[in-house]
Each structure stands twice: as C-alpha cells, then as structure tokens.
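Have a look at the structure below before the remarks.
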Amino acid sequence: MKKNLEVPIETRIGNALNQIEILDIHTHLYAPSMGKMLLWGIDELLVYHYLVAEAFRWMNIPYSKFFALSKSEQAQYIWNELFLHHSPISESCRGVITTLNMLGLDPRKRDLELIRKWYAERSLEEHVDETFALAGLKAVVMTNSPFDREETSYWEKGLQQDPRFLTALRIDPLLLDYGNTIAYLREKGYNVAEALTQEVRDELFRFLSDWADKLNPLYLMVSLPPEFSYQVETSRHKMLSKVILPFCRERGLPFAMMCGVTRAVNPQLCLAGDSVGLSSITSVENLCRNFPENRFLVTALSRENQHSLCVAARKFRNLHPFGCWWFTNIPTLMDEISTLRFELLGLSFTAQHSDARVLDQIIYKWTHFKESLILTLSEKYSALEASGWEISDEEISRDLQDILGRNFEQFCSKESSEKSS
Ligand code: HDL
Ligand code: ZN
C-alpha cells in the first residue's frame with residue numbers, strides 16, 4: 001500500500017478531490033435543450049433568491065417595485081448594495097466572487113459592465129463544459145416537476161437528452177396540496193377526485209408511471225414542512241402510504257424527503273420568502289420502519305435536526321442522509337454536519353448536493369464545500385492515524401468517491417435490502 005508520509009493529509013485529500021468526478025444529486029438546473037429554463041450568467045447570479053433576501057435587508061425600495069424591475073436592473077441594485085456599499089462576506093456573496101475568479105474574471109475591478117460584456121461573448125455550450133470542469137462534476141440531477149407547465153411542454157415535445165443532466169421526479173403538489181392539484185390532473189386526462197378510492201389511486205399510479213416513463217428519474221422527491229408528521233392519519237398519510245411509496249417500490253425508486261421548509265413566511269419576498277423549522281425525525285423513523293421495502297433519501301433544513309437524522313440513519317439502512325441543504329450550506333454548518341456524519345456514520349452517506357439554480361453556481365458551491373471537506377476529513381484521517389491506522393492515497397480516493405456520488409448510485413440501484421433478505 002502506497003503511503004505518503006511526507007505529503008500533508010490536506011494536500012492528499014485535495015489532490016484526490018481534483019481527480020474524482022462528482023455527482024451533484026440535487027439541483028434546479030436544466031439541460032441546455034430546455035432553453036431559458038437553464039439560468040446562467042452574471043445577472044442570474046446576482047438575482048439569486050439568496051442574494052435578494054440579503055439585499056432587502058439594506059434596500060428601502062418596496063418589494064413590488066423591485067420585482068417589477070428588469071433582471072439587469074435588479075442585479076444592479078444587488079451589486080450596489082451587497083458588493084459596493086458593503087463587503088461581500090456572506091456565503092452567497094463570496095460565492096459570486098469565487099465563481100468570477102475561477103472563470104478568469106477579476107471582480108476586484110468592481111466593473112459589472114465589463115463582466116456582462118464577457119458573458120455576452122460567451123457560448124452556452126463552452127460555458128456548460130467549463131462550469132462542469134471547474135466544479136469537478138460528471139453530472140447533476142435536475143428537479144423535474146410534472147406540475148410545471150413550462151417544463152412539461154419540453155418533455156411533451158420530446159427532449160434531446162444530455163447525459164450530464166439526470167432527472168428526478170418532484171411531486172410536492174401531489175403530496176402537500178392534492179386538493180388544488182385535482183383540476184390540473186383532470187385537465188391532463190387523469191380521472192382523479194378527492195377521495196383516494198382504488199380507481200383514483202390507479203389513476204394517480206398511471207400519472208406517476210407516465211412521467212417516470214418520460215423522465216426515467218433517479219428518485220421521487222418532495223420537500224416537507226416542519227409540521228409534517230407521519231404519526232397522524234391524514235390525507236397526506238394516505239397519499240404517501242397508498243400511492244407514492246407503493247409506486248416507488250414498484251419502480252424500485254428511492255423517495256427523497258427534504259424536511260423542514262416553511263414556505264412563504266414573507267410572501268412579498270417571492271422565492272426568497274421561505275424559512276426553516278424543526279422537523280420530526282421520529283416521522284422519518286416511522287416511515288423507515290413501516291416501509292422497510294422503500295428507500296429514503298433524507299436531508300433536513302434545520303441545524304437542530306442534523307444529529308437526530310444521523311442517529312436515525314444508524315437505525316435504518318434504508319435511510320440515506322444527504323447534503324448540507326440551503327440554510328445549512330454555509331461553511332460553519334458544512335463543517336459541523338460533515339463531522340457529525342463522519343463520527344456517527346463513518347462514510348455511509350452522501351456528503352453534499354449544490355441545490356444550484358444558476359449554472360455558474362456549481363463552481364462556488366462545490367469549491368466552498370471542498371474547502372470544508374478537506375478540513376473535516378483531514379481531521380478525521382489524522383485522528384485515525386494517531387490512533388494507529390494508515391490511509392493510502394487509493395483509500396482516500398475510494399472514500400471521496402463514495403461520499404460524493406457512488407454511495408448514492410448504489411443506494412438508488414440496489415434492490416431493497418428487505419426484499420432480498
Ligand atoms: O425545495 C427545494 O428544493 C429548495 O432547494 C428550494 O428550491 C429553495 O428555494 C432552494 O433553492 N434552496 O437552495
Ligand atoms: Zn432544492
């Protein structure tokens with residue numbers, strides 16, 4: 001076994017990270033064939049809802065007046081407030097700086113028009129290639145909603161597939177707002193109604209099957225409010241236990257739950273108006289126990305849920321924790337969450353997803369996470385070596401590939417462990 005005593009462990013991890021190709025398992029990016037749905041460029045970077053929320057803390061402009069502006073006018077406001085009038089030290093602001101520098105631009109000139117000019121001469125094709133290369137990604141998983149009329153129009157026309165843009169079937173309206181989804185489903189030709197009779201359940205199965213056939217998704221996904229509880233018999237309970245989870249079992253698909261988002265706490269902020277709440281990890285445990293043939297990918301939005309999610313994952317091999325989601329995707333919590341997972345789960349989880357909405361963001365979201373991962377993993381390897389173990393370069397590479405895509409791929413592809421036992 002090759003051992004590099006003279007090379008610092010941080011360097012060895014950094015070198016290994018530069019060699020592997022990462023799978024980004026949850027994003028809001030779209031394939032270039034989906035036209036304007038794929039967001040990219042400096043103005044999109046600046047009007048990202050994370051920056052909008054931060055800019056409104058300084059701006060007095062009425063919400064409605066700001067959102068009535070063009071994207072480039074909104075971007076100018078945000079550039080002025082968050083980059084020129086105040087130092088861009090927040091994670092989202094620093095991300096823009098990291099991204100521009102790694103693309104070879106120099107934000108220190110503070111010249112937004114020069115940056116815009118560079119992008120104007122950029123082809124999307126070369127930009128996709130370069131952003132994936134700079135982030136070290138082999139592919140991203142999109143968030144594909146059969147309830148989004150703009151998106152479904154592309155899929156109904158038939159899409160040219162790009163192997164770097166994989167799919168996931170997002171079904172929040174079905175589980176969280178079924179009553180208001182019935183009309184849409186009936187318009188699309190599915191004979192559904194409020195009561196989940198066998199006939200309605202069959203029609204909902206047909207709807208999910210039709211979209212799974214179109215998209216070939218890696219998993220089904222939903223985000224859940226903090227108050228979501230599986231202990232209580234509710235209509236959501238029935239939709240989950242009688243439709244969604246049986247469908248996932250039939251198709252051999254994991255069910256991804258993103259727990260703890262409180263939508264529109266400030267509706268005037270639009271997409272930036274969501275917040276966080278403490279979720280019931282007991283509900284996650286109940287689902288894992290009651291549906292042993294289902295597999296659950298889970299991430300939690302609240303910092304306070306992270307430890308109990310790791311403990312729950314120790315109890316259920318059909319539970320796969322992933323990522324540092326949204327408000328936890330900041331260096332302080334990346335470090336804390338990765339360290340919790342290393343200490344409680346070893347390497348049996350998926351360490352990160354970017355949640356990128358703008359193509360260019362995968363550059364900073366992955367660069368910043370790799371900075372954190374080098375710190376946290378080198379601390380664990382050093383502690384292990386101090387206890388009397390040796391880590392080879394091959395084993396470092398193996399461990400990184402596991403937590404940055406391979407564990408997820410194996411979790412998605414394996415037969416349910418209960419079914420095979
Ligand atoms: O529900 C989700 O998938 C979240 O990631 C939201 O899209 C959120 O707006 C977001 O982009 N977080 O990073
Ligand atoms: Zn997301």
Side-chain angles (χ1 to χ4, degrees), residues 23-30 37-40 44-56 67 90-96 99 135 137 140-148 150-151 165-177 217-228 254-277 279 296-303 305 321-331 333-334 337 350-366 368-369 408:
L23 176 58
D24 190 344
I25 73 167
H26 170 60
T27 75
H28 298 273
L29 300 178
Y30 293 95
M37 291 192 75
L38 173 59
L39 306 179
W40 61 291
E44 293 294 355
L45 277 173
L46 290 172
V47 300
Y48 182 39
H49 68 77
Y50 289 30
L51 294 179
V52 169
E54 292 171 35
F56 265 110
F67 287 113
S90 77
E91 177 61 6
S92 313
C93 287
R94 182 171 77 96
V96 174
T99 299
L137 301 189
V140 300
V141 183
M142 300 185 278
T143 298
N144 304 106
S145 169
F147 302 98
D148 176 331
E150 183 183 11
E151 174 167 10
F165 292 82
L166 304 170
T167 56
L169 188 53
R170 184 67 177 256
I171 54 146
D172 293 35
L174 185 63
L175 181 58
L176 303 179
D177 193 16
L218 288 172
Y219 54 79
L220 262 68
M221 173 180 267
V222 72
S223 66
L224 296 170
E227 67 275 10
F228 171 80
F255 186 52
M257 301 188 292
M258 304 177 83
C259 305
V261 52
T262 310
R263 296 292 181 190
V265 294
N266 179 358
Q268 297 191 84
L269 272 175
C270 302
L271 204 49
D274 300 331
S275 187
V276 58
S279 295
F296 298 93
L297 294 160
V298 178
T299 195
L301 192 51
S302 167
R303 177 189 195 181
N305 278 138
F322 73 93
C324 303
W325 182 31
W326 201 343
F327 304 116
T328 67
N329 197 10
I330 52 175
L333 295 186
M334 287 178 206
I337 293 169
T350 293
Q352 182 63 311
H353 67 278
S354 72
D355 230 314
R357 283 180 173 272
V358 180
L359 177 63
D360 316 58
Q361 290 173 339
I362 57 177
I363 296 172
Y364 89 81
K365 285 175 180 273
W366 283 103
H368 292 185
F369 181 71
F408 167 81

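Residues take their numbers from the sequence shown, with the count starting at 1. Atoms within a ligand are numbered from 1 in the order they appear, just like the ligands themselves. It should be emphasised that the depicted structure is a prediction, and the values quoted were computed from it without experimental measurement.
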**Message:** Can you confirm whether the side chains of Gln352 and Asn329 place a donor and an acceptor under 3.5 Å from each other?
**Reply:** yes
**Complete:** Minimal heavy-atom distance between Ser302 and Gly277, with the atoms involved, is CB-O, 3.6 Å
**Item:** Donor-acceptor contact below 3.5 Å, side chain Asp24 vs main chain Ser354
**Value:** yes
**Request:** For the residue pair Glu151 and Asn144, confirm or rule out a side-chain donor-acceptor distance under 3.5 Å.
**Result:** yes
**Fill in**
In short, Ser223 meets Arg263 closest at the heavy-atom pair OG-NH2, 2.8 Å
**Prompt:** Starting from atom 7 (O) of ligand 1, which protein heavy atom do you reach first, and at what distance in Å?
**Reply:** Arg357 NH2, 2.6 Å
**Fill in**
Heavy-atom closest pair (Pro254 atom, Leu297 atom, distance to 0.1 Å) is CB-CD1, 4.0 Å
**Complete:** Note: NE2(His28)-the Zn ion (ligand 2)-NE2(His26) angle, rounded to 10 degrees, equals 110°
**Prompt:** Going by the order shown, which atoms of ligand 1 are within less than 4.0 Å of some heavy atom of His26?
**Reply:** 3 (O), 5 (O)
**Message:** Which residue and atom name correspond to the protein heavy atom nearest atom 4 (C) of ligand 1, and how close is it?
**Reply:** Trp325 NE1, 3.6 Å
**Complete:** Here the gap from Leu359 atom CG to Leu39 atom CG, rounded to the nearest 0.5 Å, amounts to 9.5 Å
**Request:** Give the name of the N/O/S atom in Asp355 that lies closest to the Zn ion (ligand 2).
**Result:** OD1
**Asked** Between His28 and ligand 1, is there a nitrogen or oxygen pair with a distance under 3.5 Å?
**Response** yes
**Prompt:** Can you check whether Val140 reaches Phe165 side chain to side chain, under 4.5 Å on heavy atoms?
**Reply:** yes
**Request:** Counting heavy atoms only, name the option from His49, Arg170, Met221 that's nearest to atom 3 (O) of ligand 1.
**Result:** Arg170
**Asked** Looking only at protein heavy atoms, which one is nearest to atom 13 (O) of ligand 1, and how far off is it?
**Response** Tyr50 OH, 2.4 Å
**Asked** Where is the nearest protein heavy atom to atom 5 (O) of ligand 1: which residue, which atom, and how far?
**Response** Asp355 OD1, 2.9 Å
**Asked** Is it the side chain, the backbone, both or neither of Arg263 that has a heavy atom closer than 4.0 Å to ligand 1?
**Response** side chain
**Asked** ligand 1 versus Gln361, non-hydrogen atoms closer than 4.0 Å: side chain, backbone, both, neither?
**Response** neither
